[in-house]
Each structure stands twice: as structure tokens, then as C-alpha cells.
2 protein chains.
Amino acid sequence: MNEKEQSILDASLKLFVEHGFHGTSTAQIAKEAGVATGTLFHYFNNKEELINSLYIHTKESLLKDISGNYDDKKSFKQNIKELWLKFNWFGINNSYMFQFILIFHTSPYITSLTKEHLENRYDELVEFYMQGTEKHEIKMVYNELLQDYFWGSIYSTVTHFQKYPEKLNEKNLNMAFELFWDGIKIG
Amino acid sequence: MNEKEQSILDASLKLFVEHGFHGTSTAQIAKEAGVATGTLFHYFNNKEELINSLYIHTKESLLKDISGNYDDKKSFKQNIKELWLKFNWFGINNSYMFQFILIFHTSPYITSLTKEHLENRYDELVEFYMQGTEKHEIKMVYNELLQDYFWGSIYSTVTHFQKYPEKLNEKNLNMAFELFWDGIKIG
DNA sequence: TGACATATTGACTAATCAGTCTATAAATAT
DNA sequence: ATATTTATAGACTGATTAGTCAATATGTCA
């Protein structure tokens, strides 16, 4: 990845989150990135291609951070907690990226081709969940609801600590996890 | 509320949700509403005033739908379930409004004056919650986290049934509530 | 060295935007 | 009935936008 190309993506991430896709001009992006508009269009054919690249890079970054294997030596709860924490730390440490995913995952400017490129990688995560229901460690709730419940917990926890950074500590993060876990555990 | 004024707000709601604030031109709004641009600027001095009016109307509509008093004859769980359901039905039956609130509650175009106009009305809701912690029916979790947990559950449930409308029935809605309730209940 | 490709620049352009203005039409008041 | 205010229309304008283009610089390879 070229240095200028990277700074264009960095500037875009910041400005798209702060002012939206249409609220950010290519001139502003170029200025923020410290390049000329011509350079921007040298690396990206148009604005839409830019946001698609950004979406791919952001999601790749998330996938990299949350990847890791199920550890049979640990309990199911511990395994799921580690995954939950990885998601949350990603959101807390990369607030622009997290907000970008939140805002733009339904954007019409992100093409279906771009989405396909990533969607199926979450399959691993889904199977991971299934393990818990099979072993009757978590409630018999259909998969789609379980996934959305999981994501809702990540969403509310990350946005909570973005809003109240002074509340961020291990105790409160565990508290937030227990809210999530007690919702799906059996008994 | 004038008929044309209302159709301008309706058109704005739809287009702002679908294409964003800057992604929607005043000409498009006027066309969708079936009026001339001059009429739009007769009712709203500028685009920002339009989105602020829209925000107020949308939140007023939400507040109207979720309002109601705590019923001492019913259990705390039942009371909170009814509130939770009111929020969810609002989101399910008014998907544009719900998405609009989600997308624009942090928008810089919604002035702090507009926000103040509504924020304090949620105080009732907060006190409602406190009742549960005082009676030790729900976990001793600090208020801000509890509120964000509540909102996260609404968010994930509404977006879930927007994504999978065929899954919407009483059984699954109750299931989603139990995920939420078991997270905060004691024991 | 010299030839060719790639990188970078910023002035430029056609299209689009928010908002204005003038002209009427409809409603309301005196 | 007449005057005054309010509603509606759409052509128009100055500013801004995404994207182009021609010029120049830098790198690469034989």
C-alpha cells in the first residue's frame, strides 16, 4: 500500500464518518490527505470506488482483529467472551472504523460485489455459535436472531464507551459482557 | 399542519433515510412531495431547518407512541416489557422514522436547541428504570450502561425484524424480549 | 544514457446545488 | 368590494461539485 494512497483512505475515513459521503468533497479529502485532487483520481477512478476500497480495508481490518480459533481447552463461555471482547476492543480502539462500518454497511454506494467479498468470512463465526446451541449451553434461539443479538450487544457496548470513555475499565466491560451472556445462557 | 408542509416532511424523511442529508437535493424533495422548490422554502427557511423540523416531528411521534404510565398492579417485568414492546412496535411500524432517528441523532445538522427540546422528556423513562434497581429486581448496573443496553436491545430487535419480516410473530418477539430481560434480571 | 511508464500537480469544466426572486393565485380581513 | 397577507410556482443565479486534462516530475529498466 502506497503512502499517499493510504493517507487518502485515512482522510476519507475521517471525513466520511464526520460529514457523510455526499457531505465530503473530493477536494476536502485531497486537502486533508495532503495531495492534489488529480492524485486522488489517479489511485481511485471515482468517489464510489474510493468508498468501496475503504469499506474493504475497514472490514479486513476488523476481520484480522477478531480472527482466532476456538480453544477446546477453554469453556464455551470463555471462548465466546474472548470473541465478544475482540469485537469490542476493535470498536473502542478504532472508533472511526467502527462507526464507518455502522453507517455505511447499508449504503447504496457500497456495491454488492464489495459486500460479497467479505460476507462469507463471517460463516466461521456462525458455526462457532452453533456449537453452543448444540451443547445446550445457550438458549435454543434461531441463528439469525442470535447473530443480531450478538451484534446489538457489541453496538451498544462500543457506543456506550465511546460516549463515556471515563467509564471504560475491566469491571464495567465485564459487566457489559455479563448482560450479554446472561441473556443467552440457559437457566 | 398544512397538507403540503406534511408532504414535504414525508418526502424528506424517505429521501434523507435513503440517500442521506447531502445526498438529497431540495429539488428532489420538492418533486417527491409534488410541490415547487419555492413552496419548500416558503415553509422552511433552509435545508437545515427542514431536517430539524423533521427530527422534532419524528421524536414527538416516538414519544407519543411510547408514553404511558407505570402500572403498579402489574409486575416490574411486565411494565418494562410493555415499554420495550412499545419501542419495538414503533420501530417496526415506522421503519423510516426509526432509521431516521438512528442515523441523524448525532448529525451536526440537528442543532443542540432541537435536541434539548426533547432530551429531558426521557427522564421519565430513566426514573422508571431506577424502580427496578431499587427493588433489587434487576442487576446493580450503573444507569448509563443500563440505558444503552436497553437501547441496544431495541436497535437489534427492530433491525432484525426489518431484515427478516417473515420472522415477525409473537413467539419470536417474546424470544427477543427474554434475551433482553434475562440479561438484566437477578438470579 | 535514454526511453518509457508511473506519479503528481492544480487549473479547468460541465453539471448540480441551495436558495432567491418575481409573478400570480388564493384566502382573509376590513 | 377592496386591500392585505399568505401560498404556490418555476425560472434563475452564484457557488460548489466530481472528474478531466495537459504539463511536469520521478522512477525503472535495458
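The sequence lines fix the lettering, A, B, ..., with proteins before strands; numbering per chain opens at 1. No hydrogens, no waters, no symmetry mates; every other heavy atom, side chains included, goes into these values.
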Atom [atom1] of [X] to atom [atom2] of [N]: distance rounded to whole Å?
X	N	atom1	atom2	result
Glu3(B)	dT6(D)	CD	C1'	16 Å
His22(A)	dC17(C)	NE2	P	10 Å
Asn46(A)	dC21(D)	CG	C1'	17 Å
Asn45(B)	dA7(D)	CG	P	13 Å
Ile8(B)	dA7(D)	CD1	C1'	11 Å
Phe41(B)	dC12(D)	CZ	P	18 Å
Lys31(A)	dT17(D)	NZ	P	12 Å
Glu5(A)	dT6(C)	CD	C1'	13 Å

Q: Would you mind classifying the nucleic acid contact of Thr39(A) as base, sugar-phosphate or nothing, using non-hydrogen atoms under 4.0 angstrom?
A: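 Base contact.
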
Q: Scan Thr26(B) against the nucleic acid and name what it touches under 4.0 Å (heavy atoms): base, sugar-phosphate only, or nothing.
A: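 Touches a base.
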
Q) So, Glu82(B) and Gln78(B): side-chain donor and acceptor under 3.5 Å apart, yes or no? A)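 Yes, a side-chain donor-acceptor pair sits under 3.5 Å.
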
Q.
Side chains of Tyr109(A) and His22(A): any donor to acceptor distance under 3.5 Å?
A.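 Result is yes, a qualifying pair exists.
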
Tell me whether the side-chain N/O atoms of [X] come closer than 4.0 Å to OP1 or OP2 in [N].
X	N	value
Tyr43(A)	dT8(C)	yes
His42(B)	dA7(D)	yes
Lys4(A)	dT26(D)	no

Q | Residues Lys77(A) and Glu178(A) bridged, charged N to O under 4.0 Å | A |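 Salt bridge flag = yes for Glu178(A) with Lys77(A).
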
**Q.** Whether Trp181(A) and Phe76(A) hold their rings parallel, tilted or perpendicular, with breakpoints at 30° and 60°
**A.**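 The rings of Trp181(A) and Phe76(A) sit tilted, inter-plane angle from 30° to 60°.
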
Q.
Would you call the rings of Phe180(A) and Tyr149(A) parallel, tilted or perpendicular, taking 30° and 60° as the class edges?
A.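 Rings of Phe180(A) and Tyr149(A): parallel, under 30°.
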
If you check the [X] side chain, which of [options] turns out closest?
X	options	result
Thr37(A)	dT20(D), dG10(D), dT9(C)	dT20(D)
Ser25(A)	dA18(C), dA18(D), dT9(C)	dA18(D)
Lys47(A)	dT8(C), dA18(D), dA9(D)	dA18(D)

